[in-house]
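Naming convention: chains lettered A, B, ... in sequence-line order (proteins, then strands); numbering from 1 in each chain.
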Protein chains: 2
Amino acid sequence: MAERPVAIIAAEAPVRPRPTGFPPDLAAKLEGREKQPLGDVFGLRNFGVNLTRLAPGAASSMRHAHSLQDEFIYVLEGRPVLVTDAGETQLEAGMCAGFPAGTGDAHRLVNRTAGDVLVLEVGDRTPLDRVTYPEDDLVGEADEAGRFHYRRKDGTAI
Amino acid sequence: MAERPVAIIAAEAPVRPRPTGFPPDLAAKLEGREKQPLGDVFGLRNFGVNLTRLAPGAASSMRHAHSLQDEFIYVLEGRPVLVTDAGETQLEAGMCAGFPAGTGDAHRLVNRTAGDVLVLEVGDRTPLDRVTYPEDDLVGEADEAGRFHYRRKDGTAI
């Protein structure tokens, strides 16, 4: 087992490589988003924590809902808009939101400001999770090991 | 199902009642610690998130290790000291640490400053977790529902 740090400065954690192999219509929606996994640095396996930076104009993801995994976000800097089935909610530093599994209510954060947004994201890794995207031609499914596989809604591979 | 908020100001979340029924030697170690559960507000079940405030002199808990549950902390304000088997590590705002299940390495945060410490704590809710406290006469065990039951190390009820 590799030697693990006791603690780190979150902003200095390695940036996760961009997802590759996505077709241009989906890849374009992830532009300007940068994730620094924090939990993985310490060997956590039951849930992931990311420090996620959204450049002006960027979004946290396509609007999506998880069948089995809970999600939580805490705003550290900036003023993102949270988009859910309820509409749009203006967030700012010190605000948080949670997205329980299985409601079907899809969410994402959008940065419409001229400055960066910085959020902590937490999500558990329950296997066999299914991710639905009401506004995009995409479906995600986690296998037994929790690794996500993506396809188009008609089943076409991505 | 009760109506749930879309987002909240974390600092305005309800404070969790203090644990009751602990004998004085253990209760004294939790003085000055205040937890505001954040994940529960949104109905999250797979993991918990607390906004935890440590007054000067307070600690996050007795030093402890989980058998099955991962833990993660992110420092929002102040300068806590993280105590682990490796010794003491000075933390400050923007630093984080993770405590993977099953290592036996026990941890806690201590506030030795004159100002408050504010941290986000994340922990999953894997059932049948066992919590060991190397410096205290205490053992915690989670049941199938994830609810913790405590006893002394000789089995005496608390």
Applying a strict 4.5 Å limit to non-hydrogen atoms, the region of A:Glu92 in contact with chain B is neither
Are A:Val117 and A:Leu120 in one and the same hydrophobic cluster, where Ile, Leu, Val, Met, Phe, Trp and Tyr link if side-chain heavy atoms are under 4.5 Å apart?
no
Answer yes or no: does atom CZ of B:Arg152 have more than 12 heavy-atom neighbours from other residues, nucleotides or ligands under 6.0 Å?
yes
Given heavy-atom pairs under 4.5 angstrom as the criterion, report whether the side chain, backbone, both or neither of A:Ile73 touches chain B.
neither
Interchain contact, A:Glu71 with chain B, by part (heavy-atom threshold 4.5 Å)
backbone
Quick one: what part of A:Phe99 sits under 4.5 Å from any heavy atom of chain B, side chain, backbone, both or neither?
backbone
Nearest heavy-atom pair of B:Pro100 and A:Gly43: which atoms, and what distance?
CB-O, 3.8 Å
A:Asn46 side-chain N/O to B:Asp124 backbone N/O, donor-acceptor pair under 3.5 Å:
no
Using a heavy-atom cutoff of under 4.5 Å, enumerate the residues of residues 76-91 of chain A that contact chain B, numbered in order, or state 'none'.
A:Leu76, A:Leu82, A:Thr84, A:Ala86, A:Thr89, A:Leu91
Please round to the nearest 0.5 Å and tell me the distance separating atom CG of B:Leu44 and atom CZ of A:Phe72.
7.5 Å
Atom pair CG (A:Asp70) and CZ (B:Phe42), whose distance is rounded to the nearest 0.5 Å
12.0 Å
Is B:Ile9 reachable from B:Leu118 through a run of I, L, V, M, F, W or Y residues, each pair having side-chain heavy atoms under 4.5 Å apart?
no
Are B:Val131 and B:Leu68 linked, directly or through intermediate hydrophobic residues, by side-chain heavy-atom contacts shorter than 4.5 Å (ILVMFWY only)?
no
With clusters defined by side-chain heavy atoms of hydrophobic residues (ILVMFWY) lying less than 4.5 Å apart, directly or transitively, does B:Val139 cluster with B:Tyr150?
no
Linking I/L/V/M/F/W/Y whenever their side-chain heavy atoms sit closer than 4.5 Å, directly or via other members, would A:Leu30 and A:Ile158 fall into one cluster?
yes
Heavy atoms only, distances under 4.5 angstrom: which of A:Ala7, A:Ala10, A:Cys96 has the most pairs with chain B? Name it, please.
A:Cys96
For B:Arg151, I'd like to know if atom CZ has over 12 heavy atoms of other residues, nucleotides or ligands within 6.0 Å.
yes
Turns out that what part of B:Glu12 lies under 4.5 Å from chain A's heavy atoms comes down to neither
So which residue, A:Asp105, A:Val41, A:Val122, ends up with the most heavy-atom pairs under 4.5 Å with chain B?
A:Val122
Using a 4.5 Å cut-off on heavy atoms from C-beta on, say whether the side chain of B:Met95 contacts that of A:Ile8.
no
Part of residues 47-54 of chain B lying next to chain A, heavy-atom separation under 4.5 Å
B:Phe47, B:Val49
